[in-house]
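Residue numbers start from 1 in every chain, and the chains themselves are labelled A, B, ... in the order their sequence lines are given, proteins ahead of strands.
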Protein chains: 2
Amino acid sequence: MGLKIGELAKATGTKVETVRYYERIGLLPQAERTSGNYRSYTPAHLDHLNFIRHARRLGFDIADIRSLLDLADQPERDCADADRIASGHLRAVEDKIARLVLLREELNRMIGQCRGGSVGNCRIIETLADHSLCRSDHAGG
Amino acid sequence: MGLKIGELAKATGTKVETVRYYERIGLLPQAERTSGNYRSYTPAHLDHLNFIRHARRLGFDIADIRSLLDLADQPERDCADADRIASGHLRAVEDKIARLVLLREELNRMIGQCRGGSVGNCRIIETLADHSLCRSDHAGG
DNA sequence: ATGCACCCTGTAGCTGCTACAGGGTCAAGA
DNA sequence: TCTTGACCCTGTAGCAGCTACAGGGTGCAT
């Protein structure tokens, strides 16, 4: 009657192993078993897993998803908790972007200085080997 | 005479365990040992580790750093190899930024729709639970 | 009876470290 | 000489979030 794990996986764009993993870590509730010991999933499981997958695609980590699922189960609770989790994640994403943008600039600078030729006078290798750059984070602050 | 591991670590802003890890995976050449079985590092090790740390700070992975170190050891080789590695990494960084920017927008939209109140009508939770969004990547492409 | 697609459990691997446990070494001080 | 304490050693397990086996069982069709 219920969905088999492969069907659930296909319906949500998840790998079978990942579904089992979510169950093992307690993110997805245990499924009933058939007489042959196959997992048998309900539409509620489908919703649950869709929620998880969507949150994962948005970059939420497992701990956050646990909290969000908890909240989703208690409709009377204050939305502020969900807001806090999402905003915290947004800030983390913004931080990551900022760090990557700096990185991109530094890489661009490095690559832009490479005028071809042999490794012996390659600016890329030189930059990486440069002593004065090696601990700029420590020297600077 | 040479540097002890703690001294090398301090001089490069690395943890002692990390230095041992780099040696174990063959990224940093083995050090001589003292009579008491302590590792004894040379200035060449210091240069080598500084190179590694700088490349790591720029986000290069271990495999790339291995290649870059290889290149740095062969000054007669064509710089294009170094350029290829660096440019490939740059592209990966740009990809990551692009994906995170999309993520940021989606998170912003989601959070912006939250008008407070109870979880029961929280747009954040609703968005995550929304079926139509759950496999948009499949549906759309 | 046989083949095949699917399911099961358990465990190891991925990246780049980090953090122990349980010991040994070495220089300084009492 | 003994002891303290900072350092060093090896080996192994843990983090996140899966992924990929090995080695077996189930269920349906032929």
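At whole-Å resolution of the value, CD in A/Glu17 and P in C/dG10 are 16 Å apart. Atom pair B/Tyr41:OH and D/dC7:P shows a separation of 16 Å (rounding to whole Å applied). B/Lys10 has its NZ atom 16 Å from the C1' atom of D/dC8, to the nearest Å. Atom CZ in B/Arg53 sits roughly 9 Å away from atom C1' in C/dC17 (whole-Å rounding). One interatomic measurement links the two molecules: CD of B/Glu23 to P of C/dG16, which rounds to 18 Å at whole-angstrom precision. The separation between B/Ile52 atom CD1 and C/dT15 atom P is 16 Å, rounded to whole Å. Counting to the nearest Å, the P atom of C/dA19 and the CZ atom of B/Arg24 are 14 Å from each other.
For B/Asp61, taking side-chain heavy atoms from C-beta onward, the closest of the listed nucleotides C/dC26, D/dG27, C/dG16 is C/dG16. For A/Arg56, whose side chain is taken as the heavy atoms from C-beta onward, the closest listed nucleotide among D/dG17, D/dT19, C/dC17 is D/dG17. Considering only the side chain of B/Tyr21, C/dC17 comes nearest among C/dT9, C/dC17, D/dG17.
Residues B/Leu69 and B/Arg66 fail the side-chain proximity criterion, which asks for heavy atoms closer than 4.5 Å. Side-chain contact check for B/Met110 versus B/Arg123: every heavy-atom pair is 4.5 Å or farther apart. By the 4.5 Å heavy-atom criterion applied to side chains, B/Glu106 and A/Leu58 are counted as neighbours. At a threshold of 4.5 Å between non-hydrogen side-chain atoms, the residues A/Leu71 and A/Arg77 count as touching. In this structure, B/Thr18 and B/Arg53 have side chains that are in contact, with non-hydrogen atoms separated by less than 4.5 Å.
Cluster membership for B/Leu103 and A/Ile62, using ILVMFWY side-chain heavy atoms within less than 4.5 angstrom, is shared.
Of the two residues near DNA chain D, A/Ala63 and A/Ser35, the one whose nearest nucleotide lies more 5' is A/Ala63. Between B/Thr34 and B/Ile62, the residue anchored nearer the 5' end of DNA chain C, judged by the nucleotide with its closest heavy atom, is B/Ile62.
When atom types are taken as modelled, the side chain of B/His45 and the backbone of B/Thr42 share a donor-acceptor pair closer than 3.5 angstrom.
For the OP1/OP2 pair of D/dT19 and a distance below 4.0 Å, the side-chain nitrogens and oxygens of A/Thr18 include at least one atom meeting the criterion. For A/Arg66 and D/dG17, the shortest distance from a side-chain N or O to OP1 or OP2 is not below 4.0 Å. Between C/dT25 and B/Arg33, no contact under 4.0 Å exists linking OP1 or OP2 to a side-chain N or O. In this model, the phosphate group of D/dG17 is not approached by any side-chain N or O of A/Tyr22 to a distance below 4.0 Å at OP1 or OP2.
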Identify all pairs in which a protein N or O lies below 3.5 Å from an N or O of nucleotides 3-7 of chain C, and state each distance.
residue, atom, partner, partner atom, Å
C/dC7, OP1, A/Gly6, N, 2.6

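Residue A/Ile25 is classed as having no contact, given no heavy-atom separation below 4.0 Å to the nucleic acid.
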